[in-house]
S.K.: 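Starting off with a structure, shown below.
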Amino acid sequence: MPQADKHALPTHKPGSIEGSTMACNDATARRNALQNAFDYRGDVTLDLQDGSHLVGFVYLYNEPGDQVHLFVPQGKDSLPQTLPASRIARVRFTGEDTAFGKSWDDWTAKAEKERQKEADRLAKEAVARGEL
Amino acid sequence: MPVPISQAWTVASYVLGQKLRGNKHYPLVLMLEPLFRCNLACAGCGKIQYPDHVLSKRLTPEQCWSAAEECGAPMVSIPGGEPLIHPEMDKIVEGLVARKKYVYLCTNALLLKRKLDLFKPTKFLTFSVHMDGLEPEHDAAVCRDGTYKIAVEAIREAVQRGFRVTTNTTLFEGTDPSRVRLFFDEMMKLGVEGMMLSPGYSYQKAPDQEHFLGRERTKKLFSQILANRKRSWKFNLSPNFLEFLQGNVDYECTPWGNPTYNIFGWQKPCYLLQDGYVPTFKQLMEETAWEQYGHRSGNEKCRDCMVHCGYEASSVDDTFGSVPGFARTVKAALAYGT
């Protein structure tokens, strides 16, 4: 593939907000960004007003209480953390969208050989974790 | 009788007690999700798509017991994820049984045979094995060959050792009713106590939105499956719920009937929707805007749902809520042998 064509490829997965950024310039934009972060099945990076960043999985957005709850990875585990939504300047969808490409249609659209390969890979991963 | 008389009595007296106290919103089954990690990755499942650090999180036994006490429901269903991955599942179950909760441990059975020694047969514990049909249908549904055979072997072993075993089947678009009927025959031959059935739900966050059943298609499918049913088939469901699935009776959803607790807290409003979390069961019951949920609410997310976690509690409530409801139950029970 010519380099020019490679650069023309989308930077994020089509149909997914992975790789995108949402600014929190006002209350409406903040609500939209954080609701998307709550719905997103991957980690996000929260850029805070003071210039710092926080990476984690947003599992609750309490809009009336102005609070965002997330699990922040700490090694293999993660710990809960809460911060005021008003401290967030923008939301970047930096983690893998774990729901992307896993629909039944995606699965059946794959060639049998490819499905078998994926099933074998997932089984091996489960064995490695001691779960099979 | 697909459930022990003691269980039927416990549930009946619990529901009647709630009715006598005038409690409209009471839980029937606690849905306890101690982890989201699974050793399968079924297409269409809305429960397992999370980052690795979230999948690695586990509820502790103490958190599980505390949730059961806080909720007070007489039955606890443990789905997931795959509960048998949890290293302390035996301890969790032991503690729930000590609290005289009727536990349904929902499993794909891939680890069941290996872990059976960790559990003791008791009327309080049932292994509810995920089986989505005969071998080709089941293996296709769970996206891995060989799963059906392993599950069947585990069911045989568990039954032989004296455990209560049921099957738990989710039916999706494209299901062949005649194949489901053959599947029922096979499961009953294995000696399971009863079978649970439910139409699939189109999870808001699930990647698969096209293979779930709409209401009319659900009613048609279940009518075909359950027509001229065999006396040998036993269902671990309220008979009125089976009538509901066929469109013979209409219910509104009871979203508070099967409250869900997991690593994020108490899930609003139900097992299937994730509109937020609260730290206490009391807050879940008091702060959830229940009128915004259910088929008649007009909520788009509830439009096609006929899943047992919303409607089984409705059918049980109907049984004990009126004389006609009780009569309906008796009539349906005689028809289904439940």
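Reckoned from all heavy atoms, side chains included, excluding hydrogens, waters and symmetry mates.
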S.K.: Within the side chain of B:Trp266, is there an N or O that forms a donor-acceptor pair under 3.5 Å with the backbone of B:Thr260?
M.R.: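 Between the backbone of B:Thr260 and the side chain of B:Trp266 there is no qualifying donor-acceptor contact (under 3.5 Å).
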
S.K.: So, the side chain of B:Arg215 versus the backbone of B:Cys305: is there a donor-acceptor pair under 3.5 Å, distance only?
M.R.: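 At least one qualifying donor-acceptor pair exists.
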
S.K.: Assess whether a salt bridge exists between B:Glu33 and B:Lys47, defined as any Lys/Arg side-chain N lying under 4.0 Å from an Asp/Glu carboxylate O.
M.R.: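 Result for this pair is yes, salt bridge flagged.
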
S.K.: Is A:Lys117 paired with A:Glu114 through a side-chain N to carboxylate O contact shorter than 4.0 Å?
M.R.: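 Looking at A:Lys117 together with A:Glu114, the answer is no, because their closest N to O distance does not fall below 4.0 Å.
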
S.K.: Does B:Leu84 offer a backbone N or O that forms a donor-acceptor pair with the side chain of B:Lys115 under 3.5 Å?
M.R.: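 Yes; at least one donor-acceptor contact below 3.5 Å.
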
S.K.: Please list, in residue-number order, every residue in residues 280-291 of chain B that has a heavy atom less than 4.5 Å from any heavy atom of chain A; write 'none' if there are none.
M.R.: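 Answer by number: none.
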
S.K.: Please state whether the side chain, the backbone, both or neither of A:Leu122 comes within less than 4.5 Å of a heavy atom of chain B.
M.R.: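 Contact with chain B involves both backbone and side-chain atoms of A:Leu122.
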
S.K.: Would the distance check show the side chain of A:Arg41 and the main-chain N or O of A:Ala99 forming a donor-acceptor pair, the cut-off being under 3.5 Å?
M.R.: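 Side chain of A:Arg41 to backbone of A:Ala99: no pair is present.
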
S.K.: Quick one: does B:Glu82's side chain have a donor or acceptor within less than 3.5 Å of a partner on B:Arg37's backbone?
M.R.: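 Not a single qualifying donor-acceptor pair exists.
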
S.K.: Listed by residue number, which members of residues 124-132 of chain A have a heavy atom under 4.5 Å from any heavy atom of chain B?
M.R.: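 Under the 4.5 Å heavy-atom cut-off, A:Ala126, A:Arg129, A:Glu131, A:Leu132 qualify.
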
S.K.: Restricting to pairs with a member in residues 52-65 of chain A, which pass side-chain hydrogen bond (donor to acceptor under 3.5 Å, both in side chains), not counting sequence neighbours?
M.R.: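 Qualifying pairs: A:Arg31-A:Glu63, A:Asp47-A:His53, A:Asp50-A:Ser52.
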
S.K.: Do B:Asp275 and B:Tyr293 have side-chain N/O donor and acceptor atoms under 3.5 Å apart?
M.R.: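 Looking only at side-chain atoms, B:Tyr293 and B:Asp275 do form a donor-acceptor pair, the distance falling under 3.5 Å.
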
S.K.: Anything in residues 128-138 of chain B with a heavy-atom distance to chain A below 4.5 Å? Please list those residues in order.
M.R.: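 Checking residues 128-138 of chain B against chain A gives no residue, so none.
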
S.K.: Are A:Glu118 and A:Arg115 ion-paired here, with the side-chain N under 4.0 Å from a carboxylate O?
M.R.: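 The answer is no: the pair does not qualify as a salt bridge.
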
S.K.: Judged by atom type as modelled, is there a donor-acceptor pair below 3.5 Å linking the side chain of B:Lys268 to the main-chain atoms of B:Val278?
M.R.: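 The answer is no, because no donor-acceptor pair under 3.5 Å joins these two groups.
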
S.K.: Between B:Ser198 (side chain) and B:Val307 (backbone), is there a donor-acceptor pair under 3.5 Å?
M.R.: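 No; judged by distance alone, with no hydrogens or angles, the pair does not exist.
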
S.K.: Measure the CD1-CG distance between B:Ile225 and B:Asp176 for me, rounded to the nearest 0.5 Å.
M.R.: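 These two atoms lie 9.0 Å from each other.
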
S.K.: So which residue, B:Cys42, B:Ala140, B:Gly265, ends up with the most heavy-atom pairs under 4.5 Å with chain A?
M.R.: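 Going by pairs under 4.5 Å, I would pick B:Ala140.
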
S.K.: Parallel, tilted or perpendicular: which one describes the rings of B:Phe264 and A:Phe57, with boundaries at 30° and 60°?
M.R.: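 Ring orientation, 0 to 90° scale: parallel.
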
